2 protein chains.
Amino acid sequence: MTVKTKGRPRGFDADAALDRAIEVFWRHGYEGASLTDLTDAMGINRPSMYAAYGNKEELFRRAVARYAEHDMAYAREALARPTAYQVIESFLRANVEALTRADRPSGCLSIQGGLAGGSDHGEVARFLAESRLAGERALAARLARAVDEGDLPAGTDPAALARYVMTVSEGNAVHAAAGVDRASLHATVDIALRAVPGRP
Amino acid sequence: MTVKTKGRPRGFDADAALDRAIEVFWRHGYEGASLTDLTDAMGINRPSMYAAYGNKEELFRRAVARYAEHDMAYAREALARPTAYQVIESFLRANVEALTRADRPSGCLSIQGGLAGGSDHGEVARFLAESRLAGERALAARLARAVDEGDLPAGTDPAALARYVMTVSEGNAVHAAAGVDRASLHATVDIALRAVPGRP
DNA sequence: TCATTTCTGTATCGCTCGGTACGGAAAGAA
DNA sequence: TTCTTTCCGTACCGAGCGATACAGAAATGA
């Protein structure tokens, strides 16, 4: 459904440009990514960026949203697995793959984007933390269902287990950003899974 | 030993000033900490900072070195425990305490300082990654000794186990930076320890 | 064709960044 | 006291930052 509009049409693909912006933010973090870096990578000039996205922070939020939808689709797929153990294993394995894709920067945009409150008053860091927490809550809900179904031992704390899984995933992201290779991250997952109930 | 020198003596305590700088870098990251933030917190003005430390990056390296020596002393103490399990538990527990001290920023300077390569070409991120890796190697060496001593099961990969422990610690640092409380981080450690051989 | 609307490119804004030149102040040495 | 050395404070540098004003180009609708 292409909307008919008056005026000169945009000369670039906004989603494709957003994908380029994702990589720049991923590599350099929110603060470290300058508008020159961004617009050069996106193949547009500044006023076009401002017209299309508003400002740098809005561009970042849009980039993170697209990242969550595309690059983290594996997380939603993992939640659909039949057992809690499979959910967790599938998530951690796919996470390792995503952290070490050859065609993408190492690590995870949500972590590399910015952990500390930079020049702003932690606005961006809080936004990223909240988006990670949303994922943790989704996993906790799935694990709570597993407890109800008897798939996880009664007495298991689904929120704590979900937090543990996210902790491993974030730790792996930190390692990946430091250049640790895929096989080593999988070895970490091998060990991490020993702490998960319901291992086959 | 106070060295007698000619000329006007420095009007501030360089180590105390460094402690203030640590907090600023910790809260805002390397890039997010401006010279104005730093010198204001340190109670000195710019030329004094440049005379005493060289430049911003040198100040940061000195801050990280002091941080490693003081705020991470618990890591060296943990390595001295008699068994591998105690080493790991002691490290992860003390780490959680350090990540959530009321008189310090939440999280860990080594992580919050900067994960992504900012405006520089990843210089600072690489430096921090290398310093974390040094800690991981020290732990791996200690665990290798435990394997030799029969304290850990034969066939245990000490490097992989050390990497797992550091992964949990880094994941907890990410959570702490996001505001997760101390009890929750300890709950994560409870689960993480289940994957460690030699549990009492 | 021509008025209207929207996007593009240049050129620039005010501001903050990391870093410094320079003159005066404060100490020891003689 | 006077010389020498070092530190402190002001005031400033060029560069890069995020963000924009404005004029011309490119599309639609009448």
Side-chain angles (χ1 to χ4, degrees), chain A residues 1-18 20-21 24-25 27-63 113-114 116-121 123-124 127, chain B residues 1-18 20-21 24-25 27-63 113-114 116-121 123-124 127:
Chain A
M1 51 156 257
T2 307
V3 180
K4 286 268 177 177
T5 56
K6 276 168 99 171
R8 177 176 174 175
R10 178 174 290 148
F12 62 96
D13 179 338
D15 281 337
L18 207 48
R20 309 289 191 81
V24 176
F25 282 128
R27 262 182 237 283
H28 300 109
Y30 175 74
E31 294 218 67
S34 74
L35 279 189
T36 303
D37 294 337
L38 289 163
T39 52
D40 282 0
M42 297 166 84
I44 62 181
N45 37 38
R46 271 163 217 236
S48 298
M49 194 284 278
Y50 278 90
Y53 306 96
N55 58 25
K56 186 186 176 183
E57 187 173 336
E58 267 308 308
L59 173 65
F60 182 68
R61 295 182 120 95
R62 295 271 295 270
S119 315
D120 61 350
H121 297 289
E123 206 69 32
V124 166
F127 163 66
Chain B
M1 50 155 258
T2 307
V3 180
K4 288 267 180 176
T5 55
K6 277 168 97 170
R8 177 176 176 176
R10 180 176 288 148
F12 62 97
D13 179 337
D15 280 337
L18 207 47
R20 310 290 191 80
V24 177
F25 281 129
R27 262 182 237 284
H28 300 108
Y30 175 74
E31 294 218 63
S34 74
L35 279 187
T36 303
D37 294 336
L38 289 163
T39 52
D40 282 359
M42 297 165 85
I44 62 180
N45 38 38
R46 266 165 227 235
S48 297
M49 193 285 277
Y50 278 90
Y53 308 95
N55 58 26
K56 186 185 177 185
E57 187 173 337
E58 267 309 308
L59 172 66
F60 181 69
R61 296 182 119 95
R62 294 272 296 269
S119 315
D120 62 349
H121 296 289
E123 207 69 32
V124 166
F127 164 66

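Computed from a prediction, not measured in an experiment: that's the story for all the values here. Below, each value reflects all heavy atoms present in this structure, side chains not excepted, and no hydrogens, waters or symmetry copies. Numbers restart at 1 for each chain; the letters A, B, ... are given by sequence-line order, proteins then strands.
Of the possible donor and acceptor atoms, none in the side chain of A:Asp40 sits under 3.5 Å from a partner among the backbone N and O of A:Asp37.
Annotation: cation-pi geometry satisfied between A:Lys56 and A:Tyr30 (NZ/CZ under 6.0 angstrom from ring centroid, within 45° of ring axis).
A residue-by-residue look at B:Gly54 and A:Asn45 shows that A:Asn45 has its nearest nucleotide of DNA chain C further toward the 5' end.
Rounded to the nearest 0.5 angstrom, A:Glu58 CD and A:Asn55 CG are separated by 6.0 Å. Distance CG/A:Leu38 to OH/A:Tyr53: 10.5 Å, rounded to 0.5 Å.
Between A:Ser48 and C:dT8, a side-chain N or O to OP1/OP2 separation shorter than 4.0 Å is present.
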Report each atom pair, protein N/O against N/O of nucleotides 21-27 of chain D, whose distance is under 3.5 angstrom.
from   : atom 1 : to     : atom 2 : distance (Å)
D:dA25 : N3     : A:Arg8 : NH1    : 3.1
D:dA26 : O4'    : A:Arg8 : NE     : 3.4

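In this structure, the OH atom of B:Tyr50 is 12 Å from the P atom of C:dC17, given to the nearest Å. Across the protein-nucleic acid pair, B:His28 atom NE2 and C:dC17 atom P stand 11 Å apart, rounded to whole Å. Summarising the geometry, the separation between NZ on A:Lys56 and P on C:dT16 is reported as 16 Å, rounded to the nearest angstrom. In this structure, the CD atom of B:Glu58 is 11 Å from the P atom of C:dG19, given to the nearest Å. One can place CG of B:Asp120 at 12 Å from P of C:dG18, the figure rounded to the nearest angstrom. When rounded to the nearest whole Å, the span between CE of B:Met49 and P of D:dT10 equals 17 Å. In this entry the distance linking CD1 of A:Ile44 with C1' of C:dG9 reads 12 Å, nearest Å. Here the P atom of nucleotide D:dT20 and the OH atom of A:Tyr53 are 17 Å apart, to the nearest Å.
Residues A:Arg61 and A:Glu57 are paired through a salt bridge, judged by an N-O separation under 4.0 Å between the basic side chain and the carboxylate.
Residues B:Ala21 and B:Met42 approach most closely at CB-SD, 4.0 Å, considering heavy atoms. Taking both residues in full, the closest heavy atoms of A:Gly113 and A:Phe60 are given as CA-CZ, 4.3 Å, listed atom of the first, atom of the second, then distance.
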Tabulate below the donor-acceptor pairs under 3.5 Å that side-chain atoms of residues 45-52 of chain B make, not counting sequence neighbours, or state none.
from    : atom 1 : to      : atom 2 : distance (Å)
B:Asn45 : OD1    : B:Ser48 : OG     : 3.1
B:Arg46 : NH2    : B:Thr36 : OG1    : 2.7

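Taking the side chain of A:Arg10 as heavy atoms from C-beta on, and the options C:dC7, C:dG19, D:dT20, the nearest nucleotide is C:dC7.
For a distance-only test at 3.5 Å, the side chain of A:Arg46 fails to qualify as a donor-acceptor partner of the base of C:dG9.
Remark: A:Ala33, A:Ser34, A:Leu35, A:Thr36 in residues 29-40 of chain A come within less than 4.0 Å of DNA chain D through at least one heavy atom.
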Under the side chain to side chain contact (heavy atoms under 4.5 Å, CB included) rule, what do B:Asp13 and B:Leu18 come out as? Steps first, then yes or no, please. CA-CA 9 Å; B:Asp13 179 337; B:Leu18 207 47; over 6 Å; no
